[in-house]
Amino acid sequence: MAVTTSCHMGSTISFRHNARDRQVTNKEHHIKQDGYHYTFRNSVGDGITLRDKYDRIFGEAVEAYNSKQKRDDRKITSYYDKIKAQQIKGEQAGNKSSKKLAYEMILTIGDYTNYNPGLNKEQIDPERAIKLLKQTCHEIIRENPHLKCVGVYIHADEYHKEVIDGKEVEVMGAPHAHFDFIPTAEGYKKGLSVQNGLNKALQQDGYTGSGIKDTPQMAFQRAIMAKLDAKAKELGLEVTHPIRDGKVKAEHLDKNEYIIAQQVKKLAKVKEQAQAVEEDLTDKRDEYDAVSDATQRRYDELEHIKEISDAVNTANENIKQL
C-alpha cells in the first residue's frame with residue numbers, strides 16, 4: 001500500500017507551541033507531556049527570540065544603511081519592528097501577500113494511519129521517520145542559504161481519539177517537522193542591501209518557476225516534496241500523490257468541487273499579483289526616501305551658500321562705510 005508525503009507552507013507560527021513551552025502546551029490536551037519532541041539548537045523559543053535572529057541577520061545591513069543617512073528620522077532603529085509593522089498593516093488591510101516576519105513549512109511522511117496498527121496495514125517506524133525528517137531539515141538548511149533557518153522542531157507527541165473495532169482508543173499522530181525561516185535576499189539598490197523578500201530569496205536559491213501560474217514558492221515546494229518522497233522511499237515505501245500523479249483529474253470532480261478548485265487558482269493568481277505590487281511599492285518607497293534625502297542635502301547646501309552670500313554682502317556694506 002502506498003503512503004503520501006506532505007509539505008505545507010504558511011506564515012502563522014506559534015514558536016512557543018513549536019518549542020513545547022509548557023505554559024502553552026499544558027493547555028493543549030492533544031499533546032502528551034512525556035511524548036517525543038526535539039528542537040534544533042539555536043531555534044527561536046530555545047532561549048532565543050525572533051528579534052534576536054533579525055538583529056543577527058540584518059544588523060550589518062542596517063548599520064551600513066544608517067551610516068549613509070544625514071537625517072536621524074531616515075535611520076532604521078529596528079528592522080524587526082519595520083517588518084512587523086508591515087505585517088500588521090497588511091493583515092489589517094486583508095493583504096495576505098504583504099511581508100511576514102517569518103514563514104513556516106510543515107513536513108510529514110505518511111499520516112496517522114501509518115503509525116497505528118489496526119488503522120492501516122502499511123506501518124512506518126516512527127523512529128526512522130523522525131530520523132529522516134531531521135536529515136531533510138538539515139539538507140534544506142545546507143542547500144538554501146537565502147532561507148535563514150530560525151527554528152526546526154520535530155513533533156511525535158500529538159495524539160487524538162479514534163474508534164477501532166468499536167472501541168475509542170488514543171492514537172498517535174504522524175511525526176512531523178516545523179521548519180521556520182526568514183527569506184533573506186541580497187543585492188537591493190534601495191534601502192537595505194539585504195532584506196526580507198520571499199520571491200527574491202527563493203530565486204537566489206535557484207527556484208525560479210515559469211510564470212505567474214508557477215511561482216518560485218511553487219517550485220520550492222515541489223523540490224521539498226521530491227526530497228520527502230526520496231526519504232520515504234529510503235524506508236522502502238511506495239509514495240503516491242493522487243492529485244499530483246493524475247489519479248484525481250478535474251473531470252472527476254463534482255461541479256462544486258470544480259468551481260472551488262478554479263476559485264482557489266484565481267485567488268492564488270491574485271495573491272501573487274498583489275505580492276508583486278507590494279514589493280514594487282516597497283522599492284518605490286525606498287526610492288522616494290533616497291530622493292528626499294538628496295533634496296534635503298541640496299537644501300542644506302543652498303542654505304549654506306545663502307549664509308556665505310549674506311556674509312559677503314555684509315562685508316561689502318561695511319567696506320563702503322569706511
In terms of hydrophobic clustering (I, L, V, M, F, W, Y; side-chain heavy atoms under 4.5 Å; direct or indirect links), are [X] and [Y] co-clustered?
X      : Y      : value
Ile31  : Ile130 : no
Ile141 : Tyr207 : yes
Tyr38  : Tyr115 : yes
Ile48  : Tyr80  : no
Val169 : Met172 : no

- request: In sequence, state the C-alpha distance, the side-chain angles, and the governing distance for Asp214 and Arg222, and then conclude on salt bridge (Lys or Arg N to Asp or Glu O under 4.0 Å).
  value: CA-CA 10 Å; Asp214 183 29; Arg222 280 199 304 274; 2.8 Å; yes
message: We want to know whether Gln33 and Arg22 form a side-chain donor-acceptor pair, criterion being a heavy-atom distance below 3.5 angstrom.
response: yes
Does any non-hydrogen side-chain atom of [Y] lie less than 4.5 Å from one of [X]?
X      : Y      : result
Tyr103 : Leu147 : no
His178 : Val152 : no
Ile76  : Leu192 : yes
Val44  : Thr49  : no
Val171 : Ile164 : yes
Val24  : Glu28  : yes
Arg51  : Asp81  : yes
Ile109 : Lys231 : yes

Kindly say whether [Y] contributes a backbone atom to a donor-acceptor pair with the side chain of [X] at under 3.5 angstrom?
X      : Y      : result
Asn196 : Lys100 : yes
Thr25  : Asp21  : yes
Tyr65  : Lys190 : no
Gln204 : Glu186 : yes
Asn116 : Tyr112 : yes
Thr184 : Ile182 : yes
His8   : Ser6   : no
Asn199 : Gln217 : no
Gln87  : Leu101 : yes
Asn144 : Ile140 : yes

Give, for atom [atom1] of [X] and atom [atom2] of [Y], the distance between the pair rounded to the nearest 0.5 Å.
X      : Y      : atom1 : atom2 : result
Leu107 : Thr136 : CG    : OG1   : 7.0 Å
Gln123 : Thr113 : CD    : OG1   : 7.5 Å
Asn313 : Ile308 : CG    : CD1   : 12.0 Å
Phe40  : Cys149 : CZ    : SG    : 7.5 Å
Lys82  : Lys99  : NZ    : NZ    : 8.0 Å
Glu139 : Ile224 : CD    : CD1   : 9.5 Å

Take a 6.0 Å sphere around [atom1] of [X] and say whether it holds more than 12 heavy atoms from other residues, nucleotides or ligands.
X      : atom1 : value
Glu143 : CD    : yes
Gln23  : CD    : no
Asp73  : CG    : yes
Lys134 : NZ    : yes

Compare every heavy atom of [Y] with every heavy atom of [X], then report the nearest pair and how far apart it is.
X      : Y      : result
Val3   : Gly110 : CB-CA, 4.4 Å
Ala61  : Ser193 : CB-OG, 4.1 Å
Leu228 : Cys7   : CD1-CB, 4.4 Å
Asp205 : Pro145 : OD1-CD, 3.2 Å
Thr108 : Pro175 : CG2-O, 3.6 Å

message: Between Glu91 and Lys84, does the salt bridge (Lys or Arg N to Asp or Glu O under 4.0 Å) criterion hold? Intermediate values first, please.
response: CA-CA 11 Å; Glu91 290 171 349; Lys84 183 178 181 180; over 6 Å; no
- request: Please say whether the positively charged group of Lys200, taken as NZ for Lys or CZ for Arg, lies over the ring of Tyr188, i.e. under 6.0 angstrom from the six-membered ring centre and within 45 degrees of the axis.
  value: yes
query: Is a salt bridge present between Lys233 and Glu238, judged by a nitrogen-to-oxygen distance below 4.0 Å?
result: no
- prompt: Less than 4.0 Å between a side-chain N and a carboxylate O, is that true for Arg20 and Glu158?
  reply: yes
message: Test side-chain contact (heavy atoms from CB on, under 4.5 Å) on Gln86 and Ser98; report intermediate values, then the result.
response: CA-CA 7 Å; Gln86 289 183 15; Ser98 61; 5.8 Å; no
query: Would Cys137 and Leu133 count as a side-chain contact (heavy atoms from CB on, under 4.5 Å) if you check the C-alpha gap in whole Å, the side-chain angles of each, and the deciding distance to 0.1 Å?
result: CA-CA 6 Å; Cys137 291; Leu133 286 171; 5.6 Å; no
query: Name the one of Leu237, Asp111, Asp229 that satisfies side chain to side chain contact (heavy atoms under 4.5 Å, CB included) with Thr5?
result: Asp229
- request: Dump the intermediate steps for side-chain hydrogen bond (donor to acceptor under 3.5 Å, both in side chains) on Glu162 and His160, then the final yes or no.
  value: CA-CA 7 Å; Glu162 192 79 20; His160 70 276; 3.0 Å; yes
message: Would you say the ring centers of His155 and Tyr36 fall short of 6.0 Å from each other?
response: no
message: As a quick check of understanding, evaluate side-chain contact (heavy atoms from CB on, under 4.5 Å) for Met9 and Glu104, giving each step before the final call.
response: CA-CA 6 Å; Met9 187 168 166; Glu104 178 174 82; over 6 Å; no
- request: Apply salt bridge (Lys or Arg N to Asp or Glu O under 4.0 Å) to the pair Lys32 and Glu170, showing each step before the final yes or no.
  value: CA-CA 11 Å; Lys32 276 191 173 296; Glu170 195 173 52; 2.9 Å; yes
query: salt bridge (Lys or Arg N to Asp or Glu O under 4.0 Å) between Lys75 and Asp72: does it pass, once the steps are laid out?
result: CA-CA 5 Å; Lys75 295 181 179 180; Asp72 288 342; 3.4 Å; yes
message: Applying side-chain contact (heavy atoms from CB on, under 4.5 Å) to Tyr153 and Ile106, what does each step give before you reach the verdict?
response: CA-CA 10 Å; Tyr153 317 85; Ile106 301 177; over 6 Å; no
